[in-house]
**Q** 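Sharing a structure, written as structure tokens. Questions coming.
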Amino acid sequence: MKVGVVGVGAVGAATALSLVERGGTCREIVLIDRNTARADGVAADMRYATPLSPTVDIRSGRYEDLAHAAVVVITAGTNEKAGGATDRSDPEGRLRLLETNARVYADIVPRVVAVVPQAVLMVVTDPPDPLADLTRELASHDRVFSTGTLIDSLRFRVQLADRLHVRPRDVQALVVGEHGTSEVLLWSSATVGGIPVTRLLTEDDASVEHVRGEVENDIRYANIAIIEGTGASQYGIGAVSARLVESVLRDERAVLPVAAHCPRYGVTLSLSSVLGAGGVQQMHEPSMTPEEHQALAQSAEVLRDASRRAMAVGGA
């Protein structure tokens with residue numbers, strides 16, 4: 001199967017490399033960037049590594065080279081550092097990039113759909129959820145989803161595992177709503193081996209509220225901390241993007257916190273989503289306390305406003 005990656009900046013390149021390294025996910029990867037020299041260079045660099053992985057061809061190309069792609073991953077646009085979205089005190093967070101990147105998507109999405117109208121479109125560019133709503137309108141189909149809060153949920157698991165001294169893979173914890181400052185961490189359902197995390201923290205003589213404050217701060221601003229050190233948050237989201245492509249191509253029907261348009265909330269947001277062929281096939285709302293549910297409703301309202309802004313700029 002063929003996968004296209006549109007936008008070969010830090011995240012696009014990390015996604016492509018993760019696809020190559022996972023092996024067996026796809027047979028062909030096409031990289032497209034407005035800077036064709038960059039796309040050529042990244043493809044050439046990665047091509048020399050392909051003998052170490054199961055057979056995969058990676059090359060640069062133009063939009064017409066996306067023909068017959070099953071999935072197109074869109075990572076193009078201004079990132080947080082360049083777009084001035086690295087102020088922890090700014091409640092907008094990633095939404096600071098919305099207008100700029102909506103204009104980018106208004107140009108890219110029609111070009112992609114003209115060549116591969118049947119492809120699943122995965123939105124990675126920040127802010128991914130309102131851009132997925134815009135993409136859905138521009139593409140005139142529902143085979144659109146965003147990476148949503150999967151990366152946030154993984155960060156939640158890692159942060160809890162560090163404090164409980166266990167493996168992150170043994171922690172079950174979800175983040176829902178916006179991939180952004182209004183996201184909702186579901187503490188009430190976070191467990192390790194079926195044991196509530198809050199109980200384990202209490203047994204460890206930790207102040208649950210203190211730990212909760214630290215963890216939420218670390219997760220909400222993880223991207224900024226990474227950018228301050230490296231200039232771009234790329235490797236984690238690159239691995240996440242490759243994993244999601246794999247789930248679609250294999251029709252895994254994996255249950256993951258990714259975002260798709262949810263009629264109940266009237267916007268794209270993350271819930272427990274079933275991801276397989278065609279994108280998100282079902283969405284389920286996990287168990288929540290009344291406080292968590294209220295926070296999710298507030299996150300949805302933030303996203304509805306952002307979606308309206310995206311539509312106004314993107315012309316959908």
**Q** Between Glu99 and Arg103 (salt bridge meaning N to carboxylate O under 4.0 Å), is one present in this structure?
**A**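 A salt bridge is absent here (no side-chain N lies under 4.0 Å from a carboxylate O).
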**Q** Are more than 12 heavy atoms, taken from residues, nucleotides or ligands other than Arg88, located less than 6.0 Å from that residue's CZ atom?
**A**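 Enclosed: over 12 neighbouring heavy atoms sit under 6.0 Å from CZ of Arg88.
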**Q** Can you see whether Thr268 engages Asp129 through a side-chain donor-acceptor pair at a distance of less than 3.5 angstrom?
**A**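 No, because no side-chain N or O of Thr268 sits under 3.5 Å from a partner of the opposite role on Asp129.
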**Q** Quick one: does Val72's side chain get under 4.5 Å of Val116's, heavy atoms only?
**A**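 Yes - at least one pair of side-chain heavy atoms lies under 4.5 Å apart.
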**Q** Flag the pair Val5 / Ile32 as yes when at least one side-chain heavy-atom distance between them is below 4.5 Å, and no otherwise.
**A**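 Side chain of Val5 against side chain of Ile32, heavy atoms only: no contact under 4.5 Å found.
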**Q** Looking only at heavy atoms, which two atoms of Val120 and Gly279 are closest? And how far apart?
**A**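 What the structure gives for the nearest pair is CG2-N, 4.0 Å.
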**Q** My understanding is that only residues two or more places apart in sequence, or in another chain, count here; which of them pass side chain to side chain contact (heavy atoms under 4.5 Å, CB included) with Asp152?
**A** Thr149, Arg155, Val175, His179, Glu183, Ile219
**Q** Closer than 3.5 angstrom, by distance alone: can the side chain of Arg304 be matched with the main-chain N or O of Gly266 as a donor-acceptor pair?
**A**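 Side chain of Arg304 to backbone of Gly266, a donor-acceptor pair under 3.5 Å: no, none is there.
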**Q** Return the minimal non-hydrogen interatomic distance between Met1 and Ala70, and the atom names on each side.
**A** SD-CB, 4.4 Å
**Q** Do the side chains of Arg308 and Glu301 get close enough for a salt bridge, i.e. N-O under 4.0 angstrom?
**A** yes
**Q** For Asp251 and Gln281, test the side chains for any donor-to-acceptor distance below 3.5 angstrom and give the result as yes or no.
**A**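 A donor-acceptor contact under 3.5 Å links the two side chains.
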**Q** Do side-chain atoms of Arg143 reach the backbone of Gln118 as a donor and acceptor pair under 3.5 angstrom?
**A** yes
**Q** Look at the side-chain heavy atoms of Ile, Leu, Val, Met, Phe, Trp and Tyr, link any pair under 4.5 Å apart, and say whether Leu97 and Met122 land in one connected group.
**A** no
**Q** Determine whether a donor-acceptor pair (N or O, by modelled atom type, separation under 3.5 Å) exists between the side chain of Thr191 and the backbone of Pro196.
**A**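 Not confirmed, Thr191 side chain does not pair with Pro196 backbone.
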**Q** Would a distance-only check, ignoring hydrogens and angles, find a side-chain to backbone donor-acceptor pair under 3.5 Å from Arg163 to Gln159?
**A**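 Between the backbone of Gln159 and the side chain of Arg163 there is a qualifying donor-acceptor contact (under 3.5 Å).
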**Q** Show the nearest heavy-atom pair for residues His261 and Met283, with the distance to one decimal.
**A**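 Smallest interatomic distance, heavy atoms only, reads O-SD, 3.8 Å.
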**Q** We want to know whether Thr125 and Tyr105 form a side-chain donor-acceptor pair, criterion being a heavy-atom distance below 3.5 angstrom.
**A** yes
**Q** Between Val208 and Val197, is there a side-chain heavy-atom distance shorter than 4.5 Å?
**A** no
**Q** For Thr36, is there any backbone N or O sitting under 3.5 Å from a side-chain donor or acceptor partner on Asp33?
**A** no
**Q** Between Leu271 and Cys262, does the side chain to side chain contact (heavy atoms under 4.5 Å, CB included) criterion hold? Intermediate values first, please.
**A** CA-CA 9 Å; Leu271 295 171; Cys262 180; 4.0 Å; yes
**Q** Rounded to the nearest 0.5 Å, what separation is found between the CG atom of Leu19 and the CG atom of Leu249?
**A**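 Interatomic distance, Leu19 CG to Leu249 CG, rounded to 0.5 Å: 8.5 Å.
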**Q** Might you point out which heavy atoms bring Ser233 and Ile227 nearest each other, and give the distance in Å?
**A** N-CG1, 3.8 Å
**Q** Any donor and acceptor pair, going by atom type alone, linking the side chain of Ser273 with main-chain N or O of Val280 inside 3.5 Å?
**A** no
**Q** Side-chain heavy atoms under 4.5 Å apart, restricted to Ile/Leu/Val/Met/Phe/Trp/Tyr: what other residues fall into the cluster of Val302, or is it alone?
**A** Leu95
**Q** If you count every heavy atom of other residues, nucleotides or ligands that lies below 6.0 Å from Tyr63 atom OH, does the total exceed 12?
**A**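 Yes, because the 6.0 Å sphere around OH of Tyr63 holds more than 12 heavy atoms from other groups.
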**Q** Could you tell me whether a side-chain N or O of Ser299 sits under 3.5 Å from a main-chain N or O of Glu178, the two making a donor and an acceptor?
**A** yes
**Q** Work out which heavy atom in Ser270 is nearest to a heavy atom in Gly148; give both atom names and the distance.
**A**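 Looking at all heavy atoms of both residues, the shortest contact is OG-CA, 3.2 Å.
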**Q** With salt bridge (charged side-chain N to carboxylate O under 4.0 Å, His left out) as the test, would you mind laying out the steps for Glu92 and Arg309 before giving the verdict?
**A** CA-CA 13 Å; Glu92 280 268 281; Arg309 288 164 54 192; 3.3 Å; yes
**Q** Kindly say whether Asp65 contributes a backbone atom to a donor-acceptor pair with the side chain of Lys2 at under 3.5 angstrom?
**A**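 Side chain of Lys2 to backbone of Asp65, a donor-acceptor pair under 3.5 Å: yes, one is there.
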**Q** Please tell me whether Asp133 and Ser307 have a donor and an acceptor in their side chains that are separated by less than 3.5 angstrom.
**A**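 Distance-only check passes for Asp133 and Ser307.
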**Q** Verify, without hydrogens or angle tests, whether Asn101 (side chain) and Val104 (backbone) share a donor-acceptor contact under 3.5 angstrom.
**A** no
**Q** Are any of the side-chain heavy atoms of Leu131 and Ser146 separated by less than 4.5 Å?
**A**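 No - every pair of side-chain heavy atoms lies 4.5 Å or more apart.
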**Q** Is the closest basic N to carboxylate O distance between Asp107 and Arg111 below 4.0 Å?
**A** yes
**Q** Evaluate the side chain to side chain contact (heavy atoms under 4.5 Å, CB included) criterion for residues Ser189 and Leu186: first the C-alpha distance (whole Å), next the side-chain angles of each, then the deciding distance (0.1 Å), finally the verdict.
**A** CA-CA 6 Å; Ser189 58; Leu186 300 185; 3.6 Å; yes
**Q** Quick one: side-chain hydrogen bond (donor to acceptor under 3.5 Å, both in side chains) partners of Asp142, sequence neighbours excluded?
**A** Arg136
**Q** Using a 4.5 Å cut-off on heavy atoms from C-beta on, say whether the side chain of Val124 contacts that of Ile237.
**A**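 Yes, at least one pair of side-chain atoms sits under 4.5 Å.
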**Q** Do we see a donor-acceptor contact under 3.5 Å between the side chains of Tyr265 and Glu285?
**A**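 Yes.
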**Q** Less than 4.0 angstrom from a charged side-chain N to a carboxylate O is my criterion; do Glu28 and Arg47 meet it?
**A** no
**Q** Looking only at the side chains, is there a donor atom on one of Glu292 and Trp187 sitting less than 3.5 Å from an acceptor on the other?
**A** no
**Q** Is a side-chain donor-acceptor pair under 3.5 Å present for His284 with Gln282?
**A**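 Yes, because at least one side-chain N or O of Gln282 sits under 3.5 Å from a partner of the opposite role on His284.
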**Q** Would you mind checking if Asp170 and Arg167 are paired as a salt bridge, meaning a charged N to carboxylate O distance below 4.0 Å?
**A** yes
**Q** Which atom pair, heavy atoms only, marks the closest approach of Val176 to Pro286?
**A** CG1-CG, 4.1 Å
**Q** Hey, does the side chain of Ser247 reach the backbone of Gly276 with a donor-acceptor pair shorter than 3.5 angstrom?
**A** no
